[in-house]
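Encoded as structure tokens, the structure appears first; notes follow it.
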Amino acid sequence: EDANAQHTPIVVTGTRIEGVAPVGSAVIPVDREAMARIGASTTNDALRKLPQVVNFGGSDEQAGGTTIQNSSLNTFFAKSVNLRGLGTAATLSLVNNHRVAPQGPNGQLYDADNIPGIAIERIEVVADGGSAIYGSDAIGGVVNYIMRRPEDVIEGRFRAGFADGVEEYIGSVALGKTWGSGGIFLAYEYQDRSALKASDRPNLFNDDLSPYGGSLSPFFTSPGNVTIGGVTYGIPTGQDGTGITLGDLTGSVNRMNQWTGADAIPAYHRHSVSGTFTQDLGPSVVFNLDGFYSRRDFTQYQVAQTATLSVPNTNPFSPCYVGKVDDSATIDCPAGGAVTVPYSFINDLGNPVNKGYEALWALSGGFDIELGDRFKANLTGYYSQDNASQTVTGYINSNGLNRVLGSVVSGVGKPADVPYFNPFCDGNAYDCNSAATISQFSAFQNIASKYELYGGTASINGSLFHIGGGDVRMAVGGEYHHDVLTGNGQRNNTRSANVDTVTGIPARGQREVASAYGELFVPLFGADNAVPGLDRLELNAAVRYDHYSDVGSTTNPKFGIVYSPVVGVSLRGSYSTSFRAPSLADTDLAASLGYVPANFNDPLTNTVVRAIQILGVREGLGPERAKIWTAGVDLKPVSGLRASLTYYNINYSDRIATVGTAALLANPTVFGAFINRNPTAAELTTLMSSPYFTGATEAPSNFA
């Protein structure tokens, strides 16, 4: 027998006790053979087949702008697992039973495809509360990615997939070598997928809802439209906008599908490398090492920028330009001279281009130590780092735009040597605006983050004594980890005085977490003492204490039971409490500052009011909490056939979320303390001078 195989630890998700399955919670395994049978091209594709996984909030296929389940936090398009539909942040992802740095700008995701599919031995999913075993984040459950151990192998794979408008290629190779006292395994994978254009799915990405009784596509087009006196007129096509008059406006308005030129799913390519190493250091000590690196680069063409322009009569292209002839018997210029133009910048700025990357690497090493015949100890240290950056070009600086339209903003007008912006031209037929004009308002936005995680665990597990059903087993241990999040919170020049001024509020956060845990397994009945009606009866109890340097402490227990009256029938149940600590982004007051001035529907007065919504984190946020009950039955009537039924009840409280404006205004009893309906002049002055409005001029950054 391979000596290396004898010392390979048996990893079972949901318990710290080696050699037993978690009691009361079903472990759902997805191994390499199962992935091959179902034809899954990637690890994420295999996990999406599980009914416990809800595909909201953590998929690059939601790049179209949806905010379902905080998918707006998935800025870098990670494919993250969402157990029970509770959100990606409520699912804890592990690699070989240890934590790795979370991903996304807020540190609330983990990309299921980080490790090459060829390097995965199996994935174990426990859709039950896991904080008593693993600590924070395991409210929906735990997903453990278990890598292949060293073996003698040379293996290669290639896969190509084609659909209407999109192609995908995946190639991978694995090499392994063992020797009498250890071994090594290495794997590499490359993935490449083209973008899926929205135009390739015209029935899905189409905002003309008139065939279904809804509205037509909006007025934001190029050429645009002109709204005067509440009536919208079309700007004629095929002309350059230099001599347009009121009489030229048509009764037929222009419309355009806002998805024109945009990607429904971004293009990306990924390089992934992973490895495991093991070496006996004596008859009772084994050294294990594992690590991986994954980098994903993506490109997405977004929906074109649109705006409702106010074009003053100082703009020579306007049909209401001072001195221009009024040749219409039915249309008159507004009293102030400014005309309203619903407009798309698709021919001036093009579709905004979102380009970026995310790179995660992790390394873990430790020792498995045999302490006599009954106990084992483990010492493990780990370090991981996630770096990501995204830049979108083709956005609008509204101050610069208003200046080239002809307005004076904050005492500054259009530079004398820069031509006016011409929104009356047909951009499909002419180059309507010069590069100098467009440069006055062409803006960008950058989001970048760096998350570092390092820590270690120490544990002892083994057999205490023997009873009728088998050995009573236990595990005790502790864990420490340190988390650091840095980054740029939407560094941009879209809201600044001009495009030359870049603002942004850096994200900064760190915490230390110290934990201690214990677990006990009691087999009352088993193979040695089974009686009719009691083939197996097992109990389990676990508890974990976690102390956070920034948000306090929490203690979470878990109790489980499995009862099998006969072979092939098992009844199980569990009760646990779980928690999710606020992310480092959730507790970063400075990085979350922001405001939205807009018109809101006020249900109290049944009117539209002008208001300012202040965005930001509340001080003193504590952990989210949950009480979780599960009950189920597992049936194995014949070899190769298994059926399971699970009931779960999750009481989730103290959720951390952003309250929508409509909910704020409609629930004054609940949210009244957060609404100021009649601010004083002094309060407004204080607000206008705060970082909510002024932002922070950027400092030199490593993320540019």
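Heads up: numbering here begins at 1 and tracks the sequence.
Using a 4.5 Å heavy-atom threshold, the side chains of Phe292 and Val100 count as touching. Val23 has its side chain out of reach of Leu539: every pair of non-hydrogen atoms, C-beta onward, lies at least 4.5 Å apart. Side-chain contact between His482 and Arg511 is absent, with no heavy atoms from C-beta onward closer than 4.5 Å. No side-chain heavy atom of Leu50 sits under 4.5 Å from any side-chain heavy atom of Val81. Counting heavy atoms from C-beta on, the side chains of Ile123 and Thr43 come closer than 4.5 Å.
The shortest non-hydrogen separation linking Val53 to Leu47 is CG2-O, 3.4 Å. When all heavy atoms of Asn387 and Tyr357 are compared, the pair lying nearest together is O-CE1, 3.5 Å. Between Val285 and Phe367 the shortest heavy-atom distance is CG1-CD2, 4.1 Å. The minimum heavy-atom distance linking Arg625 with Asp654 is given by the pair CD-OD2, 3.9 Å. In terms of heavy-atom proximity, Gly140 sits nearest to Arg84 at O-CG, 3.8 Å. Smallest separation of non-hydrogen atoms from Tyr548 and Ser136: OH-CB, 3.0 Å.
Within the 3.5 Å criterion, the main-chain N or O of His269 finds no donor-acceptor partner in the side chain of Arg295. In this structure, Glu124 contributes its side chain and Thr13 its backbone to a donor-acceptor pair below 3.5 Å. Counting only distance, with no hydrogens or angles, the side chain of Ser574 and the backbone of Ile561 share no donor-acceptor pair below 3.5 Å. Side chain of Glu358 to backbone of Gly104: a donor-acceptor contact under 3.5 angstrom is found. A distance-only check finds a donor-acceptor pair linking the side chain of Thr91 to the backbone of Leu83 [under 3.5 Å].
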CA sep, side-chain torsions, deciding dist, call: Ser459, Glu18, side-chain contact (heavy atoms from CB on, under 4.5 Å): CA-CA 11 Å; Ser459 66; Glu18 184 177 326; over 6 Å; no
Check against side-chain contact (heavy atoms from CB on, under 4.5 Å), Ile115 and Ile120: CA-CA 7 Å; Ile115 300 173; Ile120 292 289; 3.9 Å; yes
Full working for salt bridge (charged side-chain N to carboxylate O under 4.0 Å, His left out) between Asp297 and Lys355: CA-CA 8 Å; Asp297 291 80; Lys355 298 191 70 172; over 6 Å; no
Derivation and outcome, side-chain hydrogen bond (donor to acceptor under 3.5 Å, both in side chains), residues Asp634 and Ser644: CA-CA 4 Å; Asp634 298 318; Ser644 296; 2.7 Å; yes
Chi angles and distances behind the side-chain hydrogen bond (donor to acceptor under 3.5 Å, both in side chains) call for Ser583, Gln108: CA-CA 7 Å; Ser583 72; Gln108 298 185 21; 3.1 Å; yes
Stepwise side-chain hydrogen bond (donor to acceptor under 3.5 Å, both in side chains) test for Arg148 and Ser274: CA-CA 10 Å; Arg148 290 171 69 173; Ser274 70; over 6 Å; no
Candidate pair Lys450 and Asp386, rule salt bridge (charged side-chain N to carboxylate O under 4.0 Å, His left out), full reasoning: CA-CA 6 Å; Lys450 177 181 179 181; Asp386 181 70; over 6 Å; no
Residue pair Tyr480, Glu512: steps toward the side-chain contact (heavy atoms from CB on, under 4.5 Å) verdict: CA-CA 7 Å; Tyr480 167 86; Glu512 295 181 348; 3.4 Å; yes
CA sep, side-chain torsions, deciding dist, call: Ser294, His271, side-chain contact (heavy atoms from CB on, under 4.5 Å): CA-CA 6 Å; Ser294 177; His271 296 274; over 6 Å; no
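Using modelled atom types and a 3.5 Å distance limit, the side chains of Ser515 and Asp546 yield a donor-acceptor pair. No side-chain donor-acceptor contact under 3.5 Å links Asn44 and Thr42. A side-chain N or O of Ser25 and one of Asp128 form a donor-acceptor pair less than 3.5 Å apart. Between the side chains of Thr276 and Asp290, no donor-acceptor pair is found at a separation under 3.5 Å. Between the side chains of Thr457 and Glu479, no donor-acceptor pair is found at a separation under 3.5 Å. Judged purely by distance below 3.5 Å, without hydrogens or angles, the side chains of Asn354 and Gln300 pair a donor atom with an acceptor atom. A donor atom on one side chain and an acceptor atom on the other are not found under 3.5 Å apart for Tyr454 and Asp483. Under 3.5 Å, the side chains of Asp550 and Gln510 contain no donor-acceptor pair of N or O atoms. Side-chain contact of His98 with Asn96: a donor-acceptor pair under 3.5 Å is absent, judged by distance alone. Asn446 and Ser389 form a side-chain donor-acceptor contact under 3.5 Å, judged by distance and modelled atom types alone.
Interatomic distance, CG of Asn556 versus CD1 of Ile133, reported as 10.5 Å (0.5 Å rounding). Distance check, rounded to the nearest 0.5 Å: OH of Tyr293 to OG of Ser384 gives 14.0 Å. Considering CD of Gln52 and CD1 of Ile28, their distance stands at 3.5 Å, rounded to 0.5 Å. Taken from CG in Leu584 to CG in Asn106, the straight-line distance is 10.0 Å, to the nearest 0.5 Å. With rounding to the nearest 0.5 angstrom, the OG atom of Ser93 is 10.0 Å from the CZ atom of Arg99. The CG atom of Asp586 lies 6.5 Å from the CG atom of Leu621; values are rounded to the nearest 0.5 Å.
With salt bridges taken as basic N to acidic carboxylate O contacts below 4.0 Å, none links Arg149 and Glu121. Salt-bridge check for Asp368 with Lys376: failed, with every basic side-chain N at 4.0 Å or more from each acidic carboxylate O. Here Lys558 does not pair with Glu519 in a salt bridge; the nearest charged N to carboxylate O distance is not below 4.0 Å. Note on Arg374 versus Asp471: no salt bridge recorded, every NZ/NE/NH1/NH2 to OD/OE distance being 4.0 Å or above. A salt bridge between Arg580 and Asp137 is absent, with no side-chain N of the basic residue lying under 4.0 Å from a carboxylate O of the acidic one. A salt bridge between Lys79 and Asp45 is absent, with no side-chain N of the basic residue lying under 4.0 Å from a carboxylate O of the acidic one.
Under a cutoff of 6.0 Å and an axis angle of 45°, Arg536 and Tyr563 do not form a cation-pi pair. A cation-pi arrangement, defined by a distance under 6.0 Å to the six-membered ring centre and an angle within 45 degrees of its axis, is absent between Arg296 and Phe76. Taking the ring axis of Tyr652 as reference, the NZ or CZ atom of Arg655 stays within 45° of it and closer than 6.0 Å to the ring centre.
With ring centers used as reference points, Tyr110 lies under 6.0 Å from Tyr145. In this structure, Trp361 has its ring center under 6.0 Å from that of Tyr383.
Ring geometry for His547 versus Tyr545: interplanar angle under 30°, hence parallel rather than tilted (30 to 60°). Taking the six-membered ring for Trp and thresholds of 30 and 60 degrees, Phe298 and Phe77 have ring planes more than 60 degrees apart, a perpendicular arrangement.
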